[in-house]
Trainee: 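There's a structure below that I have some questions on.
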Amino acid sequence: MTDREGDRDHPFSEGEGFDDPYEEFDLDPPELGVDPSKVDPVDSRVVTDTLDEHNIDQAEVDADELLDVGLNYMQINRYEQATDAFERAARFAEDDRVEQEAWVNKGVAHAELEEYDEAIGAHREALRIDDSSEHAATAETNLAYALWEFGETAQALEHAERAVEIDERFAEGWFNRAFFLSERGLAEEALHCIDNAVRLGMRNAQVLEEKARILEELGEYDEAEEIADEANEMRERAEQRLVEERQEMQGQGGQPGAMGESDIERVDRVREGEGDDEWRLE
């Protein structure tokens, strides 16, 4: 003991002490008494999710509005925020169809982030709710895409086939099936599928380019060239529309000048086949 410590002659309060055994205390609300064995230590949302369950009355949450929030995030490429919105929509949805729709869109958002494992899980969850509903075909074809990107090509084709079995008028399903069949060297079957997609109204540059590629595989070079030319014309028209839209905006009060980065990105997307017929979320 130092001299400084020896000078402390004032008494400490003894108090009444603790009961034996004593009831522990802390500053955390009781709803955060989570079993750590059931919580992923890297899950940064566990506190927020737990508070949601205890502090928000489910009857006060409009799952449809949360879906709209997620879709709005998707439109401005805020995919991480979109996944959170869709997940909460699914959690608070009382209607199975709304919950399924939220899971499907969550899977699409994860795919945009190239998080294909999470996308697969979301689409499987959607199909677990109902594998024959109005949203099931969309879930199946998006699941097929995520599986393909994840390297599960055989499963991808199975789910693409399942999509058109559920809804024979689902154009996107026929297009995906055509792509997967073509990649496996089954060009004749692929051509039949892509013709179905075109007949059902899915006629854009991306689809026509895929058809031209399939025709080349079948040795139909003249028809393939004709289809490819049509696809190029579609792209040029789409690019021209974007330029005209930009000029019209400038004429309504915008400052003249070069196209902004967002405008250039939109033109690039059109050139790459993404802007002709953007993927429609459920």
Trainee: Evaluate the criterion salt bridge (Lys or Arg N to Asp or Glu O under 4.0 Å) for residue pair E230 and K211; output intermediate values, then yes/no.
Mentor: CA-CA 11 Å; E230 184 180 352; K211 182 175 181 178; over 6 Å; no
Trainee: Take atom CG in D222; do more than 12 heavy atoms of anything else shown fall under 6.0 Å from it?
Mentor: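 Atom CG in D222 is not crowded, with 12 or fewer foreign heavy atoms closer than 6.0 Å.
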Trainee: Partners of Y145 by ring-ring contact (aromatic ring centres under 6.0 Å, His included), sequence neighbours excluded?
Mentor: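 Here no residue qualifies.
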Trainee: Considering only heavy atoms from C-beta outward, does the side chain of T138 approach that of F170 to under 4.5 Å?
Mentor: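 In short, these two side chains touch, coming nearer than 4.5 Å.
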Trainee: Are E183 and T153 linked by a side-chain donor-acceptor pair shorter than 3.5 Å?
Mentor: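 Distance-only check fails for E183 and T153.
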Trainee: Check the surroundings of atom CD in E244: do more than 12 heavy atoms from other residues, nucleotides or ligands lie under 6.0 Å from it?
Mentor: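 Yes, because the 6.0 Å sphere around CD of E244 holds more than 12 heavy atoms from other groups.
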Trainee: Ring pair (Phe, Tyr, Trp, His ring centres under 6.0 Å), that's the test. Do F180 and W148 meet it? Break it down for me.
Mentor: CA-CA 8 Å; F180 298 141; W148 180 270; 5.0 Å; yes
Trainee: Any donor-acceptor pair under 3.5 Å linking the side-chain atoms of H135 with those of Q100?
Mentor: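 Per modelled atom types, Q100 and H135 side chains form no pair under 3.5 Å.
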Trainee: Could you go through the side-chain contact (heavy atoms from CB on, under 4.5 Å) check for D229 and E225 one step at a time?
Mentor: CA-CA 6 Å; D229 288 342; E225 183 177 358; 4.1 Å; yes
Trainee: Step by step, would you call R128 with E125 a side-chain contact (heavy atoms from CB on, under 4.5 Å)?
Mentor: CA-CA 5 Å; R128 182 195 63 77; E125 184 64 23; 2.6 Å; yes
Trainee: In a check of side-chain contact (heavy atoms from CB on, under 4.5 Å) between Y73 and each of V69, N77, L71, which one passes?
Mentor: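 It is V69, the one option of V69, N77, L71 that forms the side-chain contact (heavy atoms from CB on, under 4.5 Å) with Y73.
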Trainee: Just how far is it from atom OG of S182 to atom CG of L218, taken to the nearest 0.5 Å?
Mentor: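 Those atoms lie 8.5 Å apart.
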Trainee: Using the rule given for side-chain contact (heavy atoms from CB on, under 4.5 Å), can you reason through R184 versus L157, listing the C-alpha separation, both sets of side-chain angles and the distance that settles it, and then say yes or no?
Mentor: CA-CA 10 Å; R184 300 188 69 174; L157 181 56; 3.2 Å; yes
Trainee: Evaluate whether atom CZ of R169 has more than 12 neighbouring non-hydrogen atoms of other residues, nucleotides or ligands under 6.0 angstrom away.
Mentor: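 Counting neighbours around CZ of R169, 12 or fewer heavy atoms of other residues, nucleotides or ligands fall under 6.0 Å, so no.
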Trainee: Check whether any side-chain heavy atom of I120 sits under 4.5 Å from a side-chain heavy atom of F150, and report yes or no.
Mentor: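 I120 vs F150: side chains touch.
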Trainee: What distance separates L186 CG from R177 CZ, expressed to the nearest 0.5 Å?
Mentor: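 The distance works out to 10.0 Å.
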Trainee: Salt-bridge test for R91 and E87: reply yes if a basic N is under 4.0 Å from a carboxylate O, no otherwise.
Mentor: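 Salt bridge between R91 and E87, a charged N being under 4.0 Å from a carboxylate O: yes.
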Trainee: Counting C-beta onward and ignoring hydrogens, is there a side-chain heavy-atom pair between Q75 and N72 closer than 4.5 Å?
Mentor: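 They are in contact (side-chain heavy atoms under 4.5 Å apart), so the answer is yes.
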Trainee: Quick one: closest heavy-atom pair of L181 and C193, and the distance?
Mentor: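 It is CD1-SG, 3.7 Å.
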Trainee: State, to 0.1 Å, how close A146 and A119 come at their nearest heavy-atom pair, and which atoms those are.
Mentor: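 Taking A146 first and A119 second, the nearest heavy atoms are CB-CB, 4.0 Å.
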Trainee: Taking all non-hydrogen atoms of both residues, which atom of V108 and which atom of M74 are closest, and how far apart?
Mentor: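 Scanning both residues completely, I find the closest heavy atoms to be CG1-CE, 3.8 Å.
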Trainee: A side-chain contact here means heavy atoms from C-beta on lying under 4.5 Å apart; do E189 and H192 qualify?
Mentor: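 The answer is no; the side chains never approach within 4.5 Å.
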Trainee: Can you sort out the partners of E233 under side chain to side chain contact (heavy atoms under 4.5 Å, CB included), two or more places apart, ordered by chain and number?
Mentor: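 With neighbours one apart ignored, the set is R237.
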Trainee: Does the distance from a Lys or Arg side-chain N to an Asp or Glu carboxylate O, for R213 and E210, drop under 4.0 Å?
Mentor: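 Salt bridge between R213 and E210, a charged N being under 4.0 Å from a carboxylate O: yes.
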Trainee: So do L113 and E80 actually touch side chain to side chain, heavy atoms under 4.5 Å?
Mentor: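 Contact flag for E80/L113 side chains = yes.
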Trainee: Between F175 and Q206, is the side-chain contact (heavy atoms from CB on, under 4.5 Å) condition met? List the steps.
Mentor: CA-CA 10 Å; F175 172 73; Q206 182 182 11; 4.2 Å; yes
Trainee: Does one side chain, of R235 or N232, offer a donor that lies under 3.5 Å from an acceptor on the other?
Mentor: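 Distance-only check fails for R235 and N232.
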Trainee: Kindly indicate whether the side chain of L67, heavy atoms from C-beta on, has any atom under 4.5 Å from the side chain of N105.
Mentor: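 Contact flag for L67/N105 side chains = yes.
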Trainee: Do R97 and E134 touch side chain to side chain, with heavy atoms closer than 4.5 Å?
Mentor: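 When only atoms from C-beta onward are counted, E134 and R97 do touch, with a gap below 4.5 Å.
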Trainee: At their closest point, which heavy atom of G70 faces which heavy atom of A82, and how far apart are they?
Mentor: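 Nearest heavy atoms, G70 then A82: O-CB, 3.6 Å.
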Trainee: Hey, does R124 have a side-chain heavy atom less than 4.5 Å from the side chain of L127?
Mentor: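 They are not in side-chain contact.
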Trainee: According to a 4.5 Å side-chain heavy-atom criterion applied to Ile, Leu, Val, Met, Phe, Trp and Tyr, with indirect links allowed, do M202 and V164 form part of one hydrophobic cluster?
Mentor: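 No, because M202 and V164 fall into different hydrophobic clusters, even though each may have its own neighbours under 4.5 Å.
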Trainee: So which atom in A111 and which in Y116 form the shortest heavy-atom distance, rounded to 0.1 Å?
Mentor: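 Closest approach of A111 to Y116, heavy atoms only: O-CE2, 3.8 Å.
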Trainee: Cut-off 3.5 Å, side chains only: do H110 and E118 have a donor facing an acceptor?
Mentor: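 Checked: H110/E118 side chains show no N/O donor-acceptor pair below 3.5 Å.
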Trainee: Write down the atom of Y221, the atom of E216, and the distance for their closest heavy-atom approach.
Mentor: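 Smallest interatomic distance, heavy atoms only, reads CE2-O, 3.6 Å.
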